[in-house]
Amino acid sequence: MKVKTIIEPFRVKVVEPIRMTTREERAEILERAHHNLFLVKAEDVLIDLLTDSGTSAMSALQWGAMFHGDESYAGARSYYRFEKVVRELTGFEHIIPTHQGRAAERILFGVAAREGMVVPNNTHFDTTGANCEASGAKALDLPCAESADISSDFPFKGNMDLAALERVVAENGPQRIPMIMITVTNNSGGGQPASLENMRAVAKIAKAAKIPLYLDACRFAENAYLIKEKEPGQGDREVIDIAREMFSLADGCTMSAKKDALVNIGGFVATRDGELAQSMRNLLILTEGFTTYGGMAGRDLEAIATGLQEIVDEDYLRYRLASIRYVVDRLVALGIPVLQPAGGHAIYLDARGFLPHIPPRQFPGQALSTAIYLEGGIRSVEVGQVMFGSDKETLAPKDLVRMAMPRRVYTQSHMDYVLEIVEEVWRRREEVRGYEITYQAPMLRHFTARFKQLG
Ligand SMILES: *Cc1c(COP(=O)(O)O)cnc(C)c1O
């Protein structure tokens with residue numbers, strides 16, 4: 001018998017209460033936060049789907065490992081355990097700890113990229129693109145054509161556009177391309193996986209042009225599981241084996257351990273290039289910390305090492321991806337516009353389809369995410385015009401609202417609640433109004449922007 005009920009493959013040992021609020025309270029909270037959900041206090045959120053980053057519930061083993069943290073400044077035992085686990089997983093020689101993913105990016109681009117260069121990626125994550133451009137290089141997104149169609153069920157919308165990559169490589173050459181990146185899964189493009197076939201082809205192009213290939217590996221395990229499920233010929237392989245092949249195609253990676261290492265803080269950059277590693281370590285010492293802790297405590301290194309061993313558990317990955325798919329399938333059945341197919345870590349509502357009466361420059365994604373908060377105290381995040389448009393309001397390709405699932409935190413009944421609230425907003429969608437921006441920062445404006453609701 002094939003069991004249809006999705007169950008969490010863990011039981012709960014410690015609980016944390018969450019707080020109900022009334023609609024009137026939430027309306028006031030939204031006013032005070034200038035209609036920016038980043039500015040709402042977490043206590044005022046019932047179900048927090050702002051991000052899956054750093055929000056994982058750690059296991060008993062991880063908490064136990066933290067007691068073994070060696071807090072020595074240099075050469076801590078915890079560093080060597082962390083290094084061994086990362087090396088066994090990735091095969092990369094040089095493992096440099098950082099306090100989170102963007103620190104890894106800053107150090108990699110700070111050393112390898114500069115003015116006049118371009119860095120192609122399937123889609124740069126927001127901090128990745130910003131760090132790349134802070135070095136002077138141009139961050140170039142080359143997602144596959146299939147990714148533009150929100151409702152097609154093409155299984156690997158995280159693929160890179162190979163023809164476009166070949167063009168960019170031919171035009172710029174290895175002197176102007178310090179690296180090619182692939183983000184797995186493609187967070188900004190909907191948590192969609194890249195196929196092994198596509199990664200192999202990118203690696204071939206990179207190798208022929210003598211350009212290093214780096215993975216933005218934040219969700220490598222979710223990507224590997226989706227390959228196992230969907231890519232012809234991969235169904236019988238173990239996820240760890242697929243993950244190792246993904247890393248074997250690359251010359252290095254950046255990683256936010258706050259995703260698929262199941263911890264609340266941490267990251268690393270890894271590479272096969274000894275010279276590059278030396279330069280990165282020098283910069284690390286300047287801005288993050290000594291080479292064997294890189295801005296983390298010894299206990300954090302232990303938690304990451306254990307988390308990386310746990311994340312490739314196939315019962316866990318099966319449950320996680322089934323739970324996301326459950327929500328997406330129900331939304332599709334209700335006729336609610338949602339990015340398909342279900343990705344690895346989040347549900348992405350299509351705000352332009354959901355709120356066609358709000359033009360993109362009035363921020364339909366922002367309007368939808370605040371409406372969902374007002375209705376049910378659920379916090380999501382806009383991934384669209386606010387995040388990717390600039391003060392010149394060049395049009396972002398899509399307006400999505402991301403509901404990201406913290407790992408091992410919410411249960412299936414929380415998912416049913418989310419569905420109920422989104423359905424209610426859908427029923428009353430014509431009442432939802434657009435916004436204008438009254439304050440914005442010059443970079444990464446979505447974190448601090450203030451909004452005024454239009455009449
Ligand atoms: C989260 C994330 C990052 C940045 O990591 P932080 O730990 O938040 O600094 C980079 N790339 C992708 C794809 C991410 O999801």
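These values consider heavy atoms only, across backbone and side chains, with no hydrogens, waters or symmetry-generated copies. As the structure lists them, so they are numbered: ligands from 1, and atoms in each ligand from 1.
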Inset, instruction - Considering only non-hydrogen protein atoms, determine which one is nearest to atom 3 (C) of ligand 1 and report residue, atom name and distance to 0.1 Å. - result: F125 CD2, 3.3 Å
Inset, instruction - Report yes or no: does a heavy atom of G267 sit under 4.0 Å from some atom of ligand 1? - result: no
Legend entry - Distance-only side-chain donor-acceptor flag, T127 / E105, under 3.5 Å: yes
Inset, instruction - Between D216, N121, T51, flag the one that comes closest to atom 11 (N) of ligand 1 by a heavy atom. - result: D216
Inset, instruction - Check whether NZ of the Lys or CZ of the Arg K259 lies under 6.0 Å from the centre of the six-membered ring of F125 and within 45 degrees of that ring's axis. - result: yes
Inset, instruction - Show which atoms of ligand 1 fall inside a sub-4.0 Å distance from at least one heavy-atom site of T183. - result: 13 (C)
Legend entry - Q62 side chain to A303 backbone, donor-acceptor under 3.5 Å: yes
Legend entry - Parallel, tilted or perpendicular: ring planes of F82 versus Y79, cut at 30 and 60 degrees: tilted
Inset, instruction - Could you grab the distance from atom CD1 of I6 to atom OG1 of T411, nearest 0.5 Å is fine? - result: 11.5 Å
Inset, instruction - Number the atoms of ligand 1 from 1 as they appear, then name those within less than 4.0 Å of a heavy atom of T127, with their elements. - result: 3 (C), 4 (C), 10 (C)
Inset, instruction - Return the residue, atom name and 0.1 Å-rounded distance of the protein heavy atom closest to atom 1 (C) of ligand 1. - result: K259 NZ, 1.5 Å
Inset, instruction - For T55, enumerate each residue passing the side-chain contact (heavy atoms from CB on, under 4.5 Å) test, keeping only those at least two apart in sequence or located in another chain. - result: T51, P406
Inset, instruction - For G101, counting its heavy atoms only, list the atoms of ligand 1 lying under 4.0 Å from any of them. - result: 5 (O), 6 (P), 7 (O), 9 (O)
Legend entry - Those atoms of ligand 1 less than 4.0 Å from some heavy atom in K258: 7 (O)
Inset, instruction - Identify, for atom 8 (O) of ligand 1, the protein heavy atom at the shortest distance, and state residue, atom and that distance. - result: R102 NH2, 3.0 Å
Inset, instruction - Look at the side chain of Q366 and the backbone N and O of S369, then say whether any donor-acceptor pair between them is shorter than 3.5 Å. - result: no
Inset, instruction - Give the residue and atom name of whichever protein heavy atom lies nearest to atom 7 (O) of ligand 1, and the separation in Å to one decimal. - result: S256 OG, 2.6 Å
Legend entry - T185-ligand 1 polar pair, N/O distance under 3.5 Å: no
Inset, instruction - Quick one: look up the protein heavy atom nearest atom 10 (C) of ligand 1 and list residue, atom name and how far away it is. - result: E105 OE2, 2.9 Å
Legend entry - Residues R379 and D48 bridged, charged N to O under 4.0 Å: yes
Legend entry - Parallel, tilted or perpendicular: ring planes of F109 versus H124, cut at 30 and 60 degrees: tilted
Inset, instruction - If you have a sec, work out which protein heavy atom is nearest atom 6 (P) of ligand 1 and how many Å separate them, to one decimal? - result: Q100 NE2, 3.3 Å
Inset, instruction - Considering the heavy atoms of T128, write down every atom of ligand 1 situated less than 4.0 Å from one of them. - result: 10 (C), 11 (N)
